[in-house]
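Single-structure report; data block below.
Each ligand, and each atom within it, is numbered from 1 in the order the structure gives. Computed over heavy atoms, backbone and side chain alike; hydrogens, waters and symmetry mates excluded. As the structure is a computational prediction, the values presented were derived from the model and not from experiment.
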Amino acid sequence: MAQRVQGTEDLFGSYMQRWLEVQDLARELFGRYGYEAIETPAIEQVDTFVHGIGESSDVVRKEMFRVMSGALLERSFEEGGEQNLKARQRLALRPEGTAGIVRAVVEHDLVPQGAAPVKVYYAAPMFRGERPQKGRLRQFHQLGVEAMGAPDASLDAELIVMLMEFFEALGFPHESLKLRINSMGDDTCRPAYRDLLSEFLHTLEAELCDDCRERANINPLRCFDCKNEGCQTIMSEAPLLRESLCDECSAHYEELKGYLDSAGVAYEEDPRLVRGLDYYMRTVFEIDALGAESVGAIGGGGRYDGLAELEGGRHTPGVGFALGFERIELALAELGLVREQNKPAPIFIALAASDLKSEAFRLAQELRAEKHYVEMDYQGRSLKSQFKLADKLGARYVIVLGPDELAAGQVMLRDMKSHEQRSVMRSELIHELS
Ligand code: AMP
């Protein structure tokens with residue numbers, strides 16, 4: 001039997017319904033904050049991700065799925081491998097949404113000089129070649145927003161407030177949400193701090209895990225993310241960026257906190273919070289669901305003022321967040337908060353004789369034209385089985401077509417809640433049901 005790729009999921013039934021519901025909630029809530037939907041391609045040039053996420057990140061180095069046509073694959077074998085391909089031939093499935101959107105903003109000049117910020121949201125599958133495990137998939141779904149065109153902390157705060165509101169709309173109780181914030185500095189203050197941290201790590205090199213020994217050179221801030229206990233102990237003693245923030249970054253961070261306070265959004269300052277992608281600066285944040293910490297952060301984001309330039313555009317500051325649909329559902333399940341989906345209740349058309357099928361077909365179309373949800377039997381079941389089926393489908397009404405009733409211009413209408421049954425004129429049926 002053919003099987004799906006490990007680490008991927010088929011979405012159907014109530015899970016699919018829920019994904020659609022989550023997208024509906026996003027459209028409604030984000031729309032109130034001025035965010036419009038955007039969809040960028042699932043494949044981009046590798047460089048789009050390398051420029052933004054960073055050559056040294058795990059995502060780019062190990063986890064990106066590369067894409068090649070069969071013809072190009074054959075040619076690249078003959079011509080000595082990937083390094084001989086042109087940039088436009090080196091493609092990857094997107095591991096995250098921001099880089100592609102910033103590429104699109106630059107390409108279409110969506111924030112012309114002096115224009116108000118552009119606010120967009122997306123709901124789309126992302127792809128990472130990770131080892132599949134619970135809450136870690138190779139194809140998963142993210143919902144995210146990007147606001148580009150202003151460096152102001154009010155934009156960061158607005159977006160965080162909106163995210164917290166969204167989590168509550170998804171079913172997380174207010175008190176279960178823990179927001180952590182930090183500032184990652186900018187090009188003025190981070191380089192010096194980076195050197196300081198790197199120096200600190202080199203003095204303890206022998207005690208670091210292999211990955212961190214490498215990170216200490218390439219990107220020492222990543223060591224804060226290491227899960228190794230020894231490294232965590234070392235990092236608890238490490239100098240903090242907060243103490244080296246420049247005046248502008250400090251002011252931006254204070255402003256952010258001020259806006260969050262005035263919106264009544266509780267947060268915890270986490271000076272060791274760094275996010276795994278290179279493009280972040282100043283504001284970074286993550287949200288955990290208390291009681292479901294084992295699934296990992298349910299969402300996070302931050303500011304990326306330099307990213308548009310890395311994608312070849314002019315300076316366009318931006319801020320955004322992304323959350324993983326599958327993680328959210330896992331967290332809600334862990335908290336015992338998964339709600340049954342409300343299925344719509346159909347009107348079921350039952351036949352007392354099989355030669356009335358075309359009559360039933362016609363009636364079904366008539367009712368659907370009136371926006372009713374209509375089901376009928378397609379398998380020649382007995383009248384008794386048709387009622388069973390109507391029950392299983394949760395039908396609100398059953399219309400029974402019988403030869404004698406139809407000859408008299410009537411049908412039988414059964415209310416499945418009250419179990420009342422009465423004759424209704426066929427010509428009055430639509431009116432009755434409305
Ligand atoms: P990141 O871009 O890594 O911060 O991811 C943002 C969100 O996407 C996370 O908070 C998770 O909810 C989700 N996520 C990231 N990687 C995966 C994965 N491999 N499988 C499922 N969800 C993921």
With sequence neighbours excluded, tell me which residues meet side chain to side chain contact (heavy atoms under 4.5 Å, CB included) with Glu199.
->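 Not a single residue meets the side chain to side chain contact (heavy atoms under 4.5 Å, CB included) criterion with Glu199.
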How would you list, by chain and number, every residue that makes a side chain to side chain contact (heavy atoms under 4.5 Å, CB included) with Ala123, sequence neighbours excluded?
->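 Partners of Ala123 under the side chain to side chain contact (heavy atoms under 4.5 Å, CB included) test: Trp19, Gln23, Leu143.
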For Arg131, does the CZ atom have more than 12 heavy-atom neighbours from other residues, nucleotides or ligands under 6.0 Å away?
->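 Atom CZ in Arg131 is not packed in, count stays at 12 or less.
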Can you tell me which residues line ligand 1 if we count any heavy atom under 4.0 angstrom from one of its atoms, in chain and number order?
->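 Around ligand 1, where the cutoff is 4.0 Å for heavy atoms, the contacting residues are Arg128, Glu130, Gly135, Arg136, Leu137, Phe140, Gln142, Arg275, Ala297, Ile298, Gly299, Gly324, Arg327.
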Does Asp391 have any side-chain hydrogen bond (donor to acceptor under 3.5 Å, both in side chains) partners at least two apart in sequence or in another chain, and if so, which?
->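 Result, side-chain hydrogen bond (donor to acceptor under 3.5 Å, both in side chains) vs Asp391: none returned.
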Give the ring-plane orientation class for Tyr15 versus Phe325, where under 30° counts as parallel, over 60° as perpendicular and anything between as tilted.
->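 Ring orientation of Tyr15 relative to Phe325: tilted.
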Is any side-chain N of the basic residue among Asp211 and Arg213 closer than 4.0 Å to the acidic one's carboxylate O?
->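 A salt bridge is absent here (no side-chain N lies under 4.0 Å from a carboxylate O).
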